[in-house]
Q: 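Quick one: the structure is below, and I'll ask about it shortly.
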Amino acid sequence: MVDYLARLNPEQRAAVETLEGPLLVLAGAGTGKTRVLTTRFAHIVLSGRAGPHQVLAVTFTNKAAREMRERLSQLLNRPVEGLWLGTFHALSTRILRRHAALVGLSSAFTILDTDDQQRLLKQVMEVERIDTKRWPPQLVMSLIQRWKDKGLTPDRVPETEEAEIGAGRGRALYAAYQERLRALNAVDFGDLLLLTTELLRTEPEILAQYHRLFRYILVDEYQDTNLVQYLWLRLLAQGHRNICCVGDDDQSVYSWRGAEIENILRFEKDFPGARVIRLERNYRSTAPILAAATGLISHNQCRMGKTLRPIEETGQAEPVQIVELHDSDEEARMIGERIERLRREGHKLAEIAVLVRAGFQTRAFEERLITIGVPYRVIGGPRFYERTEIRDALAYARLLVHPSDDLAFERIVNLPRRGVGETAMRSLHERARAQGVPLTAAAAELLAENALRGRAREGLGSFLANLERWRGALEEAGHVATMARVLDESGYIAMWQEDKSPEAPGRIENLKEFIRALGEFETLAGFLEHVALVMENDENAAGDRLSLMTLHAAKGLEFDTVFLPGWEEGLFPNQRALDEGGVKALEEERRLAYVGLTRARRRVIVSFVAFRKLYSGWQSAFPSRFLEELPDHAVERITSAAWQRTAQAASGGVFRDGSSLVLRGGGKEPPRPGRQTPFAAGVRVFHEKFGYGTVTAVENDWLEIAFDKAGSKHVLDRYVEPA
DNA sequence: AGGTTAGTAATTTTT
DNA sequence: TTACTAACCT
């Protein structure tokens, strides 16, 4: 037997060797999913069924693609390049650039990011006279994005849905936005998928060409695919029908981003004759952790069904701990203490993670970790290429490469200040629209005609002259030196140097890093393409550090010890998710809890509090319903009092100075337990801003009130008085 | 044109 | 509480 096959368990082997026809591999957490995927790819090649270039391998993230490429090159024992292995978006771009003309683009189209998308849509909405206050562009954008996720071009958006947004003009806005994109020779992320699918659907010869090329298709994280991605895959798989999707329905947590768990649940219907193989042997976690996770997820209705089994019974495995605490400060303190203890016992910080439901929760822990001196890193913060200064620098670069990039022009024409304000921009826009030319050209025209006055003329004049000069330098001095020069001569660096805000020095550092990053690419255009598709963080900050991140960001990672704080109703499961998505959302929240639990190899500490500091005040909370869903035999429940006893008993415990038991005075003190809201459903109330209304529901100190004038609102009881 | 202040809203995030 | 935006003032 070939030795790479010998290293697999029977299910994994079946997943690797079942090559013909559709196959769904249901891979539970920690069951060797990546190994199966890469080994399968290698097996296709090594068994001589297809060349490496005849396999299409699709992932969601660049990280996953990179990992797969590396492991594949190890298995094949040679470097692998130019493979059809990448993200849906990168592969779509590659296909689309080849046939751009067929979808009305030139092959040098630019890819807009979220920020550009929103600016553009806002402009479109202003032109269409839509109140952007009533209809935030962000909201409209998300609906357009959702339509794109479903494979709907403007003409295919159902009439019932278009009434939803922009005063019933949703579809018109979508169409206008698409028109603007086309005029700019630009696409957004959604378009990459949508246009590729359209291309494959309307051009049978091209589709046939790809059918001939791709003899095998591999898909990672299938539970996260949306409808267009499914259509995209289905079109390409029609050829040989050798499609293998790997995923875990219990880890589908991106529905709010358009992912449809139905894709994986429906697989056998979508691909008749499909085989399904379950990977249930878990190589990661202890028996109690798996029992807790399995018990919890069994409360979901909407799933394929799968049971994680530990590899062997480990007698002394720790139960999952559930710690009850009085308030959120105490929770941060408890976790800090436990981390210090683990550290003293010789555990690496890099093997410990604190996973929270929402980003803002990390702050409390950061503060605590700083005071006790534990090095940490926050994963999934603002990404490098999304920082203001980097996006500005990118706009300069884009304008050099594409003089017609209006969005880039607008972003930096007055940054730093060049006296080009609203008035000047209005005349530029008017001219550009009238002549059908880009803003740069319009500016040149107006300058030549002496149609601009004062500082705007000076500023624009030297700006355009500079652009020309820099473009010349690009040829002679190369892109790295030129961009450094651009940032300097434009006054952009100086702008931040003069800025007194605390983050300014960091921004200048980032700009230096930006110049360094440029050096890794042959050309500026190549760099821009990379940036558009690979918006990732460099989170490889060295050293032994604790990880702090959201549950979403933790998917795919694993740690020895995992802390799961904030298991309270409203926070987790998240109230807003529940309000918007009902039972489906609750199940997704539960899957998120499942993801959290299964990140741990050896230890899980779940915690919840009675009072949580939120924004300015304290809020009371109930334990999360998920806590009751954890099977008793797998958990150990520790009450606040019990925890205090153990802490006191432990040498060097929290209460060394005896002060921690006394809550600090003033506004920092959380409210006493047992407080009851004086309001009940049906009671008439008055609110300073919303006026009179009737209470329709009560949850803790939150009231749902139907106001006579202002509609239905969710408010805290302390802001209303009996009418 | 540009700086200042008041008002408002606050999940999850990759490409 | 903070962070961001829009209206307002100079």
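Below, read A as the first sequence line, B as the second, and so on, with proteins coming before strands; counting in each chain starts at 1.
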Q: Would you say a side-chain N or O of A/T87 is under 4.0 Å from OP1 or OP2 of B/dT14?
A: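 For A/T87, the contact criterion (side-chain N or O under 4.0 Å from OP1 or OP2 of B/dT14) is not met.
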Q: Quickly work out the A/L192 CG to B/dT14 C1' distance and round it to whole Å.
A: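 Nearest whole value for this atom pair: 13 Å.
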Q: Determine the interatomic distance between P on C/dT2 and the same-named atom on B/dT13; round to the nearest Å.
A: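 My reading of the P atoms in C/dT2 and B/dT13 gives 22 Å.
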Q: Does A/E580 reach a base, just sugar-phosphate, or nothing at all? Heavy atoms under 4.0 Å.
A: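 Base contact.
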Q: OP1 or OP2 of B/dA1 sitting under 4.0 Å from any side-chain N/O of A/T423?
A: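 A/T423 to B/dA1 OP1/OP2: side-chain N or O found under 4.0 Å.
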Q: Return the nearest nucleotide to the side chain of A/E589; candidates are B/dT15, B/dT14, B/dT11.
A: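 Nucleotide nearest to A/E589's side chain: B/dT11.
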Q: Of the candidate nucleotides B/dT11, C/dT2, B/dT15, which contains the atom at the shortest distance from the side chain of A/E386?
A: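 Closest nucleotide to the A/E386 side chain: B/dT15.
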Q: Take atom CD1 of A/I379 and atom C1' of B/dT13, then tell me their distance rounded to the nearest Å.
A: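 After rounding, the reported distance stands at 15 Å.
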Q: Can you see if the side chain of A/R417 gets near the phosphate of B/dA1 - specifically, an N or O under 4.0 Å from OP1 or OP2?
A: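 So the side-chain polar atoms of A/R417 never come under 4.0 Å of the phosphate oxygens OP1 or OP2 of B/dA1.
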Q: How many whole angstroms separate atom CD of A/E529 from atom P of B/dT15?
A: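 Atom-to-atom, A/E529 to B/dT15, this comes out as 14 Å.
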Q: CE of A/M495 versus P of B/dG3: gap in Å, rounded?
A: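 These atoms are roughly 11 Å apart.
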Q: Closest to the A/H552 side chain: B/dT15, B/dT11, B/dT13?
A: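 The listed nucleotide nearest to A/H552's side chain is B/dT13.
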Q: Can you spot which of A/E260, A/E262, A/E589 makes a salt bridge (charged side-chain N to carboxylate O under 4.0 Å, His left out) with A/K584?
A: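 That would be A/E262.
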Q: If we ignore angles and hydrogens, is there a donor and acceptor under 3.5 Å between the side chains of A/D188 and A/Y177?
A: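 There is such a pair between these side chains.
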Q: Which part of the nucleic acid, if any, lies within reach of A/G359 when heavy atoms closer than 4.0 Å are counted: base, sugar-phosphate only, or nothing?
A: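 Sugar-phosphate contact only.
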Q: Given B/dT13, C/dA6, B/dT14, identify the nucleotide with an atom nearest to the side chain of A/T550.
A: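 Comparing B/dT13, C/dA6, B/dT14 against the side chain of A/T550, the answer is B/dT13.
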Q: Could you state the CD-P distance from A/Q229 to B/dT15, rounded to the nearest angstrom?
A: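 Between P of B/dT15 and CD of A/Q229: 12 Å.
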Q: Between atom CD in A/E422 and atom C1' in C/dC8, what is the gap in whole Å?
A: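 To the nearest whole Å, that distance equals 13 Å.
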Q: Atom CZ of A/R457 and atom P of B/dA1: how far apart are they, to the nearest Å?
A: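 Rounded to the whole Å, the gap is 14 Å.
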Q: Within the structure shown, what part of the strands sits under 4.0 Å from A/R418 by heavy-atom distance: base, sugar-phosphate, or nothing?
A: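 Result for A/R418 = nothing.
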Q: If you measure from the ring centre of A/W256 to the centre of the six-membered ring in the base of B/dT11, is it under 5.5 Å, with the planes under 30° apart?
A: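 No, aromatic ring not over the base.
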Q: If each of A/N414 and A/A358 is mapped to the nucleotide of DNA chain B with the nearest heavy atom, which maps nearer the 5' terminus, i.e. the 5' end?
A: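 Of the two residues, A/N414 wins.
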Q: Is there a side chain to side chain contact (heavy atoms under 4.5 Å, CB included) between A/R119 and A/R411? Walk through the geometry before answering.
A: CA-CA 10 Å; A/R119 286 156 169 265; A/R411 186 177 177 103; 3.3 Å; yes
Q: Taking only N and O in the side chain of A/N62, is any of them less than 4.0 Å away from OP1 or OP2 of B/dT15?
A: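 The answer is yes; a side-chain N or O of A/N62 sits under 4.0 Å from OP1 or OP2.
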Q: Distance only, no hydrogens: is a donor on one side chain within 3.5 Å (strictly under) of an acceptor on the other, for A/D191 and A/Q178?
A: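 A/Q178 and A/D191 do have a side-chain donor-acceptor pair below 3.5 Å.
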Q: Is a side-chain donor-acceptor pair under 3.5 Å present for A/Q251 with A/Y594?
A: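 No, no side-chain donor-acceptor pair sits under 3.5 Å.
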Q: Return yes if the base of B/dT12 and the side-chain atoms of A/R357 contain a donor-acceptor N/O pair under 3.5 Å, otherwise no.
A: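 Answer yes: a donor N or O sits under 3.5 Å from an acceptor.
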Q: Do side-chain atoms of A/Q223 reach the backbone of A/I264 as a donor and acceptor pair under 3.5 angstrom?
A: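 Pair absent, no side-chain N/O of A/Q223 close to backbone of A/I264.
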Q: What's the CZ-P distance between A/R576 and B/dA9, to the nearest Å?
A: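 Roughly 11 Å, once rounded to whole Å.
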Q: Among the nucleotides B/dT12, B/dT15, B/dT14, which one has an atom lying closest to any side-chain atom of A/F189?
A: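 Between B/dT12, B/dT15, B/dT14, the one nearest the side chain of A/F189 would be B/dT15.
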Q: Determine the contact category for A/V420: base if any of its heavy atoms lies under 4.0 Å from a base atom, sugar-phosphate if only primed atoms, P, OP1 or OP2 are that close, otherwise nothing.
A: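 If one applies the 4.0 Å heavy-atom cut-off, A/V420 turns out to touch the sugar-phosphate alone, with no base involved.
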